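A quick write-up on the structure given underneath.
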Amino acid sequence: MRNTKREWIAFSFYDFAGIAAHLETMAARGWMLERIGALGWQYRRTEPAAVRFSVTYFAQASEFDPAPSENETVLQDYCAEAGWELVTRSAQMQIFCTHAQSAVPIETDAAVQLQNIHRAMKKNYLPGQVILLLLSLFQLGMQVQQFHSRPVDFFTAPTSLFLVPCWLVVLLLCSLELSSYFRWRRRAVDAAQRSRTLALPRSHYRLQRWALAVVGLGLGCWLWSLRSRREVLFAAASILWMALLIFLVNFLKSLLKRKRVSAAVNRAVTLGSCFLLSFVLMGAVVFGVVRLSRLGALDDHPPAETYEWHGMTWEVYHDALPLTVEDLMDTDYPGYSTVAEEAGTALMWRREYAQEHRLGDTGAPEVHYEIVETDLPALLDLALKEYLSKAERHSDPDAPNSWEGVPAEAWQAERAFRFQRGDTPENVYLVCWPDRLAQIRFNWEPTPAQMALAATRLKAA
Amino acid sequence: MAREKFQTLTEQMFYILLCLRQEQCGADIMARVDALTAGRVAVGPGTLYNLLESFLQAGMIRETKVEGRKRSYVLTPVGQAALEEEYRRLLRVATDYEACTGTERQEP
């Protein structure tokens, strides 16, 4: 039978009544709060008892304090005088309990209590929530910017699709926490002035649990969607990096507290080490991945052969392609490299293919194409806009790039465009079908029959 | 600003200041208020601590001695004035009540 247990309940920091009520329920079930730590609330088994709890705040306290300050101990003495025993403290929060049902409450003036809570909230909690809110807005802004400028990259990258719901959850929770606090405070100030009573705050811990479940689900989907060994290793290393960073920083903070180092020094060392360790650990992750990559341990797609040209080694692949030069014309060139790469999510897939001759060999026909596939017409429109605008973005002012509409029937498509540099059309086509679009580059002028065959293959790819 | 803050004293503020007309240790004030009001007014330890801090900042009380963690306080002239002002306000309230209802002042 376990004699201790931990739990994590996301009570709002200022929800003094909710926390006290929860601890009273736990004590009635035989679980007495022992301490609040980085890994949650720790209880020890006791005889079930009717214990009263009271949560109060001490604004000058800090989570870096090696021990309660002199002023804080004065408050604790007053509480002891009134029959309240300190259970534990965490940053500005102090939790007291008493077995005397008739003990005078620790807080007997609503206005004073409210003022005290607000002072404590301003110390860490509110600034922390505001910083997190701003960070989530910044991260979401970056994602929105990518969504606008490179929607294909955005929708085919599992990481983007994972980060957006995560940061949205953070934004939602921070906004809710801040707005709930200020709404409660306004209500509480009114109540304190009118009736000298304190309106009770309310935590959103059920919502926080749901939010955590959403993030967990998103994390699972993200890891599941990673395809290459390199991506999986990088994701695992990043998660490990985060866990290790949190552990090391908390360990250092606790160690300095145990060594009775002053709060100011502890804060400076802990924050400095957090900053430094995040760089060191991330550097170690990148170094490890690069090193393993060089050793070939992360190579999911090894080349079939290599060749030397101009003193350098070049890779040759023999991947299967849905459309090859040989499908389109007779060629006896033996040295082709065929490369197929793909990336995507449930919303959109991008497949890139290339059939290239070796460097130094000239004259052999080549074909490059990429296919973007989605079941959502709106996303296909976005992808088309990106491809059309990309050409203009990389335009030479003397010979501006453009896509000119061409008859779509040749491609058995809804719409088709041909790339033009200045007034000169090139053998690059952008073709739209109902569920996909393809950009195809030939190094020769394709015939209508070749276009028809290419269309048949790319539609079925 | 301090006067503005404590323009009207709550019962708890009033009795804490009243107790501090004589030097008093913080921890003893709770029991003293309880005795003085026959249990009608209760001052919680958190409220007491915060009010003493506010009174100190407003110059209404001053710390007289510190013995270990035991601190004693006494009323200052500013605190005395605030106490008297509150007493007069309460008297005016009582007088208004008597004038309106025609009742004579009774012992509480």
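Lettering follows sequence order; numbering is per chain, from 1. Only a predicted model underlies this, so the values are computations on that prediction, with no experimental measurement involved.
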So for [X], is it side chain, backbone, both, or neither that comes closer than 4.5 Å to the heavy atoms of chain B?
X: A:T73; value: both
X: A:D109; value: both
X: A:E107; value: both

Answer yes when [X] and [Y] have at least one side-chain N-carboxylate O distance shorter than 4.0 Å, and no when they do not.
X: B:E23; Y: B:R62; result: no
X: A:K253; Y: A:E63; result: yes
X: A:R89; Y: A:E72; result: yes

Mind telling me whether A:H22 and A:W41 have parallel, tilted or perpendicular rings, with 30° and 60° as the class edges?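 A:W41 and A:H22: perpendicular rings.
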Ignoring hydrogens and angles, state whether a donor on the side chain of A:R186 or A:Y181 is under 3.5 Å from an acceptor on the partner side chain.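 No - no donor-acceptor pair under 3.5 Å links their side chains.
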Just by distance, no angles: are the side chains of B:Q12 and A:T108 close enough, under 3.5 Å, to form a donor-acceptor pair?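 Yes.
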Are the aromatic rings of A:F58 and B:Y49 close, with centres under 6.0 Å apart?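 Yes: the rings meet the under 6.0 Å criterion.
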Part of residues 27-35 of chain B lying next to chain A, heavy-atom separation under 4.5 Å: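 So the qualifying residues are B:A27, B:M30.
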